[in-house]
S.K.: 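Below is one structure. I have some questions about it.
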Amino acid sequence: ELLKCKSSLKQQIYRNTLEVFGLLKKVLSKTASNLHQDYSVKDPSVEVMYRETGQFEAELKFSGDMLLISMHSNVFNFEDGHSIFQTSYIKEDPTLSFCGVIYIHNFLADSVKYNRLADEGTLLARILINKDKHFLVEGEGALGFLYEVFGEAAISEPALTDIIERSILLCLNTDLTLPRFAQIK
């Protein structure tokens with residue numbers, strides 16, 4: 001009985017997450033198109049490009065930065081003791097705490113282009129989606145608090161657009177800094 005219930009639950013969450021990821025790819029493509037159209041007239045040397053790199057991965061390149069969006073193919077639950085279990089939303093139905101995960105990373109575009117595997121990226125946010133397509137976002141900056149109430153709303157195209165636009169702003173507001181010479185000697 002447990003196998004039957006959990007397997008069905010996790011398959012439903014997987015399908016929901018895959019559907020949301022498909023919508024997110026549509027948002028990324030639309031965002032790239034809009035940015036390219038708006039910006040190519042101002043400075044054609046600034047490259048804006050969207051590309052799918054696999055079933056579970058997509059990239060949005062804008063100048064020297066790249067958002068790498070990936071969907072994990074497994075379903076997760078929160079660790080015991082997590083505050084999510086204290087909410088009335090989860091207390092009413094504990095199966096709502098199981099989530100699919102979509103990650104948003106920032107990489108330097110050249111790191112990907114030149115296959116510099118030692119270069120580090122930054123996890124900007126992760127989007128967690130449950131069986132009811134309710135979501136929460138854990139992340140940097142405003143992404144760390146704007147979508148933190150689980151069960152408040154189902155994921156939507158406007159919410160995904162906002163998440164992507166805020167991710168782009170996070171990238172653009174983070175400049176490369178040189179470590180002190182003595183640290184890299």
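Excluded from the calculations below are hydrogen atoms, water molecules and symmetry mates; all remaining heavy atoms, backbone and side chain alike, are included. Everything quoted here is computed from the prediction, not taken from an experiment.
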S.K.: Provide the closest heavy-atom pair for Ser73 versus Phe56 in the form atom of the first, atom of the second, distance.
M.R.: CB-CZ, 4.2 Å
S.K.: Is there a side-chain contact (heavy atoms from CB on, under 4.5 Å) between Val149 and Thr87 once you walk through the steps?
M.R.: CA-CA 10 Å; Val149 180; Thr87 65; over 6 Å; no
S.K.: Rounded to the nearest 0.5 Å, how far does NZ of Lys61 lie from CZ of Phe107?
M.R.: 15.0 Å
S.K.: Hey, does the side chain of Lys91 reach the backbone of Asp93 with a donor-acceptor pair shorter than 3.5 angstrom?
M.R.: no
S.K.: Taking atom CG of Leu28 and atom OG1 of Thr161, what is their separation to the nearest 0.5 Å?
M.R.: 9.0 Å
S.K.: When hydrophobic residues are tied together by side-chain contacts of less than 4.5 Å, even through go-betweens, does Phe62 share a cluster with Met49?
M.R.: no
S.K.: Could you tell me which residues satisfy side-chain hydrogen bond (donor to acceptor under 3.5 Å, both in side chains) with Asn77, sequence neighbours excluded, listed by chain and number?
M.R.: Ser97
S.K.: What distance separates Thr174 OG1 from Leu124 CG, expressed to the nearest 0.5 Å?
M.R.: 7.5 Å
S.K.: What pair of heavy atoms forms the shortest contact from Cys171 to Leu67, and how long is it?
M.R.: SG-CD2, 3.6 Å
S.K.: For Phe21, give me all partners under ring-ring contact (aromatic ring centres under 6.0 Å, His included), at least two apart in sequence or on another chain.
M.R.: none
S.K.: Which residues pass the side-chain contact (heavy atoms from CB on, under 4.5 Å) test with Glu92, sequence neighbours left out?
M.R.: Ser88
S.K.: Mark yes or no for whether Gln183, through its side chain, and Arg180, through its backbone, hold a donor-acceptor pair below 3.5 Å.
M.R.: yes
S.K.: Going by heavy atoms in the side chains, are Leu35 and Val46 under 4.5 Å from each other?
M.R.: no
S.K.: Nearest heavy-atom pair of Arg166 and Ala142: which atoms, and what distance?
M.R.: NH1-CB, 3.8 Å
S.K.: Mind jotting down which residue pairs meet the side chain to side chain donor-acceptor pair (under 3.5 Å) criterion with at least one end in residues 8-21? Sequence neighbours excluded, please.
M.R.: Glu19-Lys133
S.K.: Yes or no on side-chain contact (heavy atoms from CB on, under 4.5 Å) for Val20 and Leu160, after CA distance, side-chain angles and deciding distance?
M.R.: CA-CA 9 Å; Val20 170; Leu160 290 171; 4.2 Å; yes
S.K.: If you look only at pairs with a residue in residues 145-156, which of them pass as a side chain to side chain donor-acceptor pair (under 3.5 Å), with sequence neighbours excluded?
M.R.: Tyr147-Asp162
S.K.: Apply side-chain contact (heavy atoms from CB on, under 4.5 Å) to the pair Ile164 and Leu24, showing each step before the final yes or no.
M.R.: CA-CA 9 Å; Ile164 291 302; Leu24 184 54; 3.6 Å; yes
S.K.: Does atom NE2 of His36 have more than 12 heavy-atom neighbours, drawn from other residues, nucleotides or ligands, at distances under 6.0 Å?
M.R.: no
S.K.: Taking salt bridge (Lys or Arg N to Asp or Glu O under 4.0 Å) as the cut-off, I'd like each qualifying pair that reaches into residues 96-105, sequence neighbours left out, listed once.
M.R.: none
S.K.: Just to verify, which of Leu68, Ile127, Leu143, Leu170 counts as forming a side-chain contact (heavy atoms from CB on, under 4.5 Å) with Ile104?
M.R.: Ile127
S.K.: Roughly how far, to the nearest 0.5 Å, is the CD1 atom of Ile155 from the NE2 atom of His134?
M.R.: 10.5 Å
S.K.: Gln55 versus Leu18: any side-chain heavy-atom pair under 4.5 Å?
M.R.: yes
S.K.: So, using salt bridge (Lys or Arg N to Asp or Glu O under 4.0 Å) as the criterion, who are the partners of Asp65 when residues are at least two apart?
M.R.: none
S.K.: Do Tyr50 and Ile102 share a hydrophobic cluster (ILVMFWY, side-chain heavy atoms under 4.5 Å, transitive)?
M.R.: yes
S.K.: Measuring from Ile69:CD1 to Leu60:CG, what's the distance to the nearest 0.5 Å?
M.R.: 7.5 Å
S.K.: Report yes or no: do Val48 and Ile168 belong to one cluster of Ile/Leu/Val/Met/Phe/Trp/Tyr joined by side chain heavy-atom distances under 4.5 Å?
M.R.: yes
S.K.: Using the salt bridge (Lys or Arg N to Asp or Glu O under 4.0 Å) criterion, which residues pair with Glu140? Sequence neighbours excluded.
M.R.: none
S.K.: Asp132: which residues meet the salt bridge (Lys or Arg N to Asp or Glu O under 4.0 Å) condition with it, sequence neighbours left out?
M.R.: none
S.K.: Should side-chain heavy atoms under 4.5 Å link Ile, Leu, Val, Met, Phe, Trp and Tyr, which residues sit in the same cluster as Ile84?
M.R.: Phe76, Phe78, Phe85, Tyr89, Ile90, Leu96, Val101, Tyr103, Leu123, Leu128, Leu136, Phe150
S.K.: Using the salt bridge (Lys or Arg N to Asp or Glu O under 4.0 Å) criterion, which residues pair with Arg51? Sequence neighbours excluded.
M.R.: Glu59
S.K.: Output every pair passing salt bridge (Lys or Arg N to Asp or Glu O under 4.0 Å) with a member in residues 28-37, not counting sequence neighbours, ordered by first then second residue.
M.R.: Lys30-Glu157
S.K.: Of the non-hydrogen atoms in Ile13 and Cys99, which two are nearest, and what is the gap between them?
M.R.: CG2-C, 3.7 Å
